[in-house]
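Computed from a prediction, not measured in an experiment: that's the story for all the values here. Every chain is numbered from 1 and lettered A, B, ... according to where its sequence line falls, protein lines coming before strand lines.
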Number of protein chains: 2
Amino acid sequence: MRIHPDHLASFVALVQTGSVSAAAKKRFLTQPAISNQLKRLQEAIGMDLYRRQGRGVQLTGIGEAFYIHTLKVQQSMHDLNSFADELHDLQAGRIYLSASQTIAGSLLPAALVSFHQRYPKIEVFVDSVNSQQVFESMEHHDLGLVESPLPSSVPECCTVKHLGEDKIVTVMPINHPLTAYSSIELAQLENYPLIWREQGSGTRDILERAWRTTIGKPPRIQLCLGGVSAVLESVRQGLGIGMVSQFCLPTGESMLTTRPLHPQLLRPMSLLQPSHASPLAKKLIDFLIPYLRSRLKQ
Amino acid sequence: MRIHPDHLASFVALVQTGSVSAAAKKRFLTQPAISNQLKRLQEAIGMDLYRRQGRGVQLTGIGEAFYIHTLKVQQSMHDLNSFADELHDLQAGRIYLSASQTIAGSLLPAALVSFHQRYPKIEVFVDSVNSQQVFESMEHHDLGLVESPLPSSVPECCTVKHLGEDKIVTVMPINHPLTAYSSIELAQLENYPLIWREQGSGTRDILERAWRTTIGKPPRIQLCLGGVSAVLESVRQGLGIGMVSQFCLPTGESMLTTRPLHPQLLRPMSLLQPSHASPLAKKLIDFLIPYLRSRLKQ
DNA sequence: TGATTTACATCATATATGGTGATATATTTT
DNA sequence: AAAATATATCACCATATATGATGTAAATCA
């Protein structure tokens, strides 16, 4: 026979009050109910846990030993209920978020640090993937952030919130000759070594297209690196000019500076909310939308 | 609404199998039963823990977070069941034993060490009290050991097992003049300073009575100490001759020696088994009886 | 693309666990 | 000795829950 958790609660009440009737009051049950539960419990473990002793009840040695172990179960059940309350109050839980690399690496960290300070028991797991994968992941994830034109196949179960426009800028060392200009035209870049992102990057995609339109031929790609940080590091080492989202420059960066392109290269930044988003995810969404919009307005 | 522990077990099965039907098989229930339990569980915490995902089921972020806490409850319940099994197999538990000081301090420790080595999860709590209190404690304790004539008022619910006779001997420093004798008569002691136990000690009681019978008058008590070890230490320091149970000399004692009294002063040593003794207590009793009897035969 | 299979949700019904009130029994108090 | 207090037991009843049947959604296969 297996031990029934309810019986344990009655046993704990018995020990803490020292009598069956008092335990019954404590549990809002009648005395026979508690007597019955305790009988079943003792049958289950095949040992007497207490005996009548004058006005109340007295634990046996086995009862005492059993009680110690019982408390641990009660403790963990209590912890679980507390956690359930926190879940219910949206103070704890776990959120899976997927974001395109640029966002995950630039705007998002500061936002999540701020969110985490306010709600320390809410875990946010970020998957940094490319734009296409963000859409695909919406079935499993609670929230997505993309920075590119919406594809034709937006999953029907997602609502899309527009956050603002992201600008692509050039990055160069602070002593670069082109820093003399307040904005850069693509044609000017032809004369300098450039550092490109890898094939499949949304940033590169939009740049290549603009290049063909403006210059009339595809760019000659001599140096191509995977990821934003690799591009920035190469620029620092003087290997060329990079082109990244305006938010990609680390705060406190002293060796690099940015110049906007002319004409501007903009991309819409969007937040994807799947229909199955939990209340907790909505809480993060409600936090992120104003946060990101205010950053994008600058 | 409170979380029902059975629902937790089903949730664990769900997570571990990845599908409701499989969880049902694992728990030996039908699929609708599990579905219903999980529904109730989710109502209780007010959150979705999973959603249908093709062939099976997929945890939400909240479900994952909840699962981690759930495991702790499962673990403690499992531990409790293991402990219950040990109780049932008489491999764990707690026994309260009360013994007169002489026994508790001499014969018993070695016996309990041996018992503990064989059954390390059984706790034995020893109360060292005087003989009268041993009888009184039988209502609460699982087992008693006394070393004195049984009082007229043996509690009716106790069965008494005779273990043997304990002998009272004189204790003196190894260079004491009386060591020349192989046995000592009470009359001989009149000429030496004696060290007596405190009022109420069974040992002192029997000695006083014998003294009155033999010598014809009560002894002059000049030095009176509480407890056996205090008596022995005083004898070591040359303050006089002590009278204690034959088992009271520590093993490896080098400064003291004993001489039997003539005629012998014997006391019956008995084991008291209350009618409410648990199977565990009976196990200890079955261990102690041969152990103590063999010691007393020497 | 439609048919079939597989799995989960829902519903009505049956059952059994367990709570209640009454009563018997044991122990303490007056 | 009687009254009071507390636990155990019993018969009855209510509720929770498991079941089997059915509905629905999704995936595999033709």
Side-chain angles (χ1 to χ4, degrees), chain A residues 1-44 47-60 63 136 138-140 155-158 274-276, chain B residues 1-45 47-60 63 136 138-140 155-157 274-276:
Chain A
M1 206 192 290
R2 220 176 93 261
I3 292 176
H4 195 304
D6 279 355
H7 299 175
L8 292 181
S10 293
F11 178 61
V12 170
L14 177 80
V15 176
Q16 289 175 348
T17 61
S19 97
V20 176
S21 322
K25 280 201 190 77
K26 193 169 189 176
R27 300 214 64 209
F28 304 104
L29 293 173
T30 57
Q31 171 260 315
I34 302 294
S35 282
N36 192 33
Q37 287 194 355
L38 294 173
K39 190 181 173 188
R40 302 298 177 84
L41 178 60
Q42 293 177 120
E43 283 170 3
M47 289 282 158
D48 288 351
L49 296 174
Y50 67 97
R51 48 177 180 274
R52 295 186 67 160
Q53 174 67 21
R55 277 252 171 273
V57 122
Q58 164 104 24
L59 280 196
T60 62
E136 287 164 2
M138 279 303 91
E139 207 159 348
H140 309 284
E156 65 287 352
C157 60
C158 274
S275 57
H276 63 249
Chain B
M1 206 193 289
R2 223 177 91 262
I3 293 176
H4 195 304
D6 278 356
H7 299 175
L8 291 181
S10 292
F11 178 60
V12 170
L14 177 79
V15 176
Q16 289 176 348
T17 62
S19 99
V20 177
S21 322
K25 278 202 192 78
K26 193 169 189 173
R27 300 214 63 210
F28 303 103
L29 292 173
T30 57
Q31 171 262 313
I34 302 294
S35 282
N36 192 33
Q37 288 193 355
L38 293 173
K39 191 181 173 187
R40 302 296 177 84
L41 177 61
Q42 291 177 121
E43 282 169 3
I45 64 176
M47 289 283 158
D48 288 350
L49 296 174
Y50 66 98
R51 48 178 179 275
R52 296 186 65 160
Q53 175 65 22
R55 278 253 169 273
V57 123
Q58 164 103 25
L59 279 196
T60 63
E136 288 163 1
M138 279 303 92
E139 208 159 348
H140 309 283
E156 65 287 352
C157 60
S275 57
H276 61 250

Is A:Thr30 touching bases, backbone alone, or none of the nucleic acid, heavy atoms closer than 4.0 Å? base
Electrostatic pair B:Arg40:B:Asp6 at N-O distance under 4.0 angstrom: no
Is a donor from one side chain sitting under 3.5 angstrom from an acceptor on the other, for B:His276 and A:Arg51? yes
Could you give the CG-to-P distance, from B:Leu59 to C:dC8, as a whole number of Å? 13 Å
Using only side-chain N and O atoms of B:Lys39, determine if any of them is under 4.0 Å from OP1 or OP2 of C:dC8. no
In terms of side-chain heavy atoms of B:Leu29, which of D:dA18, C:dC8, C:dT10 is nearest? D:dA18
Whether A:His4 contacts C:dG18 is assessed here as follows: a side-chain N or O lying under 4.0 Å from the phosphate OP1 or OP2. Is that the case? yes
Nearest-Å distance for atom pair CZ/C1', residues A:Phe28 and C:dT20: 17 Å
Rounded distance in Å - CD (B:Glu43) to P (C:dA9): 12 Å
Would you say the side chain of A:Gln31 and the base of D:dA8 hold a donor-acceptor pair, judged only by whether the two atoms sit under 3.5 Å apart? yes
With the side chain defined as heavy atoms from C-beta on, B:Val57 is closest, among C:dC8, C:dG18, C:dT20, to C:dC8
When only distance counts, do a donor and an acceptor, one from the side chain of A:Arg52 and one from the base of D:dA6, lie under 3.5 Å apart? yes
side-chain N/O B:Ser19 vs C:dC8 OP1/OP2, d < 4.0 Å: yes
